[in-house]
Amino acid sequence: MGKLLDLESLSELDADQIDTICFGHFNVLHPGHFRFLEFAFQQGEHLCVLIQPDGDNLKPGQEDLFPECDRVKALENISIISSIIPCTKDKLSEAANIINPKYLVLGHEFEKSSDPQIKTLCKSVESKGGNVIFKSGDYRGVSLFDNRNWNSHAKQLNVENFKKACGRRNVDFGRLSEIVESYKNLKTLVIGDLIVDQFTSCEPLGVSKEAPVIVVRELNSTEFLGGAGIVAAHAASLGSDCILISVRADDNAGNQAMKMLKDFGIRDHTIVDNTRPTTFKTRYIANKQKIFRVSKLDDSIIDKKAEAQLINVLDAVLPTIDAIIVSDFVYGVVTDNLLDYLIDYSLSRGIPIYGDLQCSSQIGDVTRFRNFTAIFPTEVEARLAIRNKDDGIEFVAQKVLETAQCSNLFLKLGAEGLITYQSKTKDVGTREHFPALSINPVDVSGAGDSLLASASLALTAGANTFEAAAIGSIVAACAIEKMGNYPIEKSNILSAINRLKQ
């Protein structure tokens, strides 16, 4: 829910959290406004709307406009807006100087505006290195939310229930912030399958007359780190010193991955194996729906030579790290020998080890992660591991804990959030349900990766199971608010925790 702020008393903290601003009157919200706000939201992480207050430069015939209080209430219910500041046109430049945004987004009609106040506003933003973008949104683009996002009631109910869960487990939001701040002291190793994900936006044109085939026109494409790469990116972005160990080829996808790893500050210890391509997945999207996915990959187990190279790298880096995170997409990198090596090292040195296994379109078994500090399966993955589709969640969870002999289980339930379990007892006090903090996700593909990274860091930093689950839920909620898998920054999480304090 958008937070109403006052320009005259805007705190330094609130100003620092805003990276994108836009301006308008927003009298009666309509699809044009939604496209514009959606585009503005895509540019950064925290969107602030500078709303024109009552009586400011009204044009003839505008005397019957809705009052500022009603317009603010309408904007407050738009989930993608972080803050709202009433601001007269003659104060726009002052607002820009105080906030110092990365992006100023104005409707396309402002590009040729002769309004001196708008021109001064643009110059103020650009003089400090900001970007001015004139665009009203694209009707052909991929929408990041549907109309249900504008109704905050269901989300607020989940937030209230989330706070109640935290209260039951004595989870203090101030301590959560301290835990996140301590990530900067951690050295983390992520190992697993490296993937490059491409999202290709399309405009649907219809069905071919030659054959019953859907026809689309490609609009644009964006590449993201995937697999173990994005887990490492989350860990680095949240503040830890992160190393990635994986296998790639010397191909276009591999080179793209290396550039992204460098950009995210990840220490790259991947090895090159040109007998198999770097895994590259393309998702085609039209009208916010993923139509289909094309994957270029070799999911056979890596050969003994590559396996030996990985173990040699592990020998060199393991003595320097505080935690091991295994991100296994079952594409052949995490072999049985490699897993046994990691487990033995973890047990002998007391180093925590965490794991997640993806088997939505692959065959995998999360109970391979024996004696792990924590594992993170979906309910479907847990049921597949113990071949049980009929029994209740409690039984399934306890069976997975027993089989894997792990200390903690984070059972992911999609839109229903997660349940966290502790081992060694079946007492009801060792489990807790944390509702999802986002009821209308834009793209759920990044939720599990962000949860794995953030909860693993939390446990390593000294958090208990419930504190780690709370942090992981908050990070996952941030991750699914955009199309594509973006690493979540520590500042965003601290802001989200601060909002929950209120």
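D328 places no side-chain N or O within 3.5 Å of a backbone atom of G192 that could act as its donor or acceptor partner. A side-chain donor-acceptor contact under 3.5 Å links D251 to the backbone of T278. Counting only distance, with no hydrogens or angles, the side chain of Y183 and the backbone of S454 share a donor-acceptor pair below 3.5 Å. Checking side-chain atoms of R71 against main-chain N and O of H25 turns up a donor-acceptor pair under 3.5 Å. Between the K163 side chain and the L500 main chain, a donor and an acceptor come within less than 3.5 Å of each other. With hydrogens and angles ignored, the 3.5 Å screen pairs no side-chain donor or acceptor of T279 with any backbone N or O of L297. Side-chain atoms of N388 never come within 3.5 Å of backbone atoms of L384 as a donor-acceptor pair (strictly under, hydrogens ignored).
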Q) Going through the distances and angles, do V216 and E203 end up as a side-chain contact (heavy atoms from CB on, under 4.5 Å)? A) CA-CA 5 Å; V216 298; E203 179 186 6; over 6 Å; no
Q: Go through F372 and L409 one step at a time and tell me if the side-chain contact (heavy atoms from CB on, under 4.5 Å) criterion holds.
A: CA-CA 10 Å; F372 271 44; L409 169 66; over 6 Å; no
(Q) I375 vs N408, test: side-chain contact (heavy atoms from CB on, under 4.5 Å). Steps then yes/no. (A) CA-CA 7 Å; I375 57 176; N408 298 282; over 6 Å; no
Q | side-chain contact (heavy atoms from CB on, under 4.5 Å) between Q358 and V330, intermediate numbers included | A | CA-CA 7 Å; Q358 168 69 256; V330 202; 5.8 Å; no
Q | Stepwise side chain to side chain donor-acceptor pair (under 3.5 Å) check, T200 with S221 | A | CA-CA 4 Å; T200 300; S221 296; 3.0 Å; yes
Q: Could you please spell out the steps behind the side chain to side chain donor-acceptor pair (under 3.5 Å) verdict for S300 and D298?
A: CA-CA 6 Å; S300 60; D298 179 349; 2.6 Å; yes
Q: Start with the C-alpha distance between F376 and Y354, add both sets of side-chain angles, then the distance that settles ring pair (Phe, Tyr, Trp, His ring centres under 6.0 Å), and finish with yes or no.
A: CA-CA 8 Å; F376 298 77; Y354 311 93; 7.1 Å; no
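Around the NZ atom of K501, the shell of radius 6.0 Å holds more than 12 heavy atoms that belong to other residues, nucleotides or ligands. Around NZ of K128, the count of heavy atoms belonging to other residues, nucleotides or ligands within 6.0 Å exceeds 12. For E218, the CD atom is densely surrounded, since the number of other residues' heavy atoms within 6.0 Å is greater than 12. Around the NZ atom of K490, the shell of radius 6.0 Å holds more than 12 heavy atoms that belong to other residues, nucleotides or ligands. Within 6.0 Å of CG in N131 there are more than 12 heavy atoms belonging to other residues, nucleotides or ligands.
Here the side chains of S456 and I325 are in contact, with some heavy-atom distance below 4.5 Å. Looking only at side-chain heavy atoms (C-beta outward), S246 and T270 come within less than 4.5 Å of each other. Side-chain contact between R368 and L339: present, with at least one pair of heavy atoms (C-beta onward) separated by less than 4.5 Å. Here the side chains of V247 and L194 are not in contact, with every heavy-atom distance at 4.5 Å or above. For the pair D449 and L452, the minimum side-chain heavy-atom distance is 4.5 Å or more. Within the 4.5 Å cutoff, side-chain heavy atoms of I471 are placed close to those of V180. Looking at heavy atoms from C-beta onward, E381 lies in side-chain contact with D356 at the 4.5 angstrom threshold. Contact check for L451 versus V475: no side-chain heavy atoms found under the 4.5 Å cut-off.
Distance check: I493 CD1 to S495 OG gives 8.5 Å after rounding to the nearest 0.5 Å. Of the inter-residue distances, the one linking I84 atom CD1 with F26 atom CZ reads 9.5 Å to the nearest 0.5 angstrom. Once rounded to the nearest 0.5 Å, the distance linking CG of L418 with CD of E432 reads 10.0 Å. Distance check, rounded to the nearest 0.5 Å: NE2 of H234 to CG of L457 gives 11.0 Å. Rounded to the nearest 0.5 angstrom, I480 CD1 and N485 CG are separated by 11.5 Å. The distance from the CD1 atom of I291 to the OH atom of Y284 is 10.0 Å, given to the nearest 0.5 Å.
Between V215 and the choices S208, C202, P204, the side-chain contact (heavy atoms from CB on, under 4.5 Å) rule is met once, by S208. For the side-chain hydrogen bond (donor to acceptor under 3.5 Å, both in side chains) with H46, the lone residue among D14, D16, N492 that qualifies is N492.
Considering all non-hydrogen atoms of both residues, A253 and F280 come closest at CB-CD1, 3.8 Å. Here the closest heavy-atom approach between residue Y331 and residue R276 is recorded as O-NH2, 2.7 Å. Residues V190 and C242 come closest through the heavy atom pair CG2-SG, 3.8 Å. The shortest non-hydrogen separation linking S450 to A476 is OG-CA, 3.4 Å. Contact detail for E45 and F41: the closest heavy-atom pair is O-CE1, 4.5 Å. Taking both residues in full, the closest heavy atoms of A385 and V366 are given as CB-CG1, 4.0 Å, listed atom of the first, atom of the second, then distance.
Between F199 and F224, the ring-plane angle classifies as perpendicular under the 30° and 60° cut-offs.
The closest side-chain donor-acceptor pair between D115 and S113, if any, does not fall under 3.5 angstrom.
Looking at K259 and D263, a side-chain N of the basic residue comes within less than 4.0 Å of a carboxylate O on the acidic one, giving a salt bridge. Here D197 pairs with R283 in a salt bridge; the nearest charged N to carboxylate O distance falls below 4.0 Å. The residues R248 and D273 are annotated as not salt-bridged, no charged nitrogen and carboxylate oxygen being separated by less than 4.0 angstrom. Taking a cutoff of 4.0 Å between a charged side-chain nitrogen and a carboxylate oxygen, K164 and E160 do not qualify as a salt bridge.
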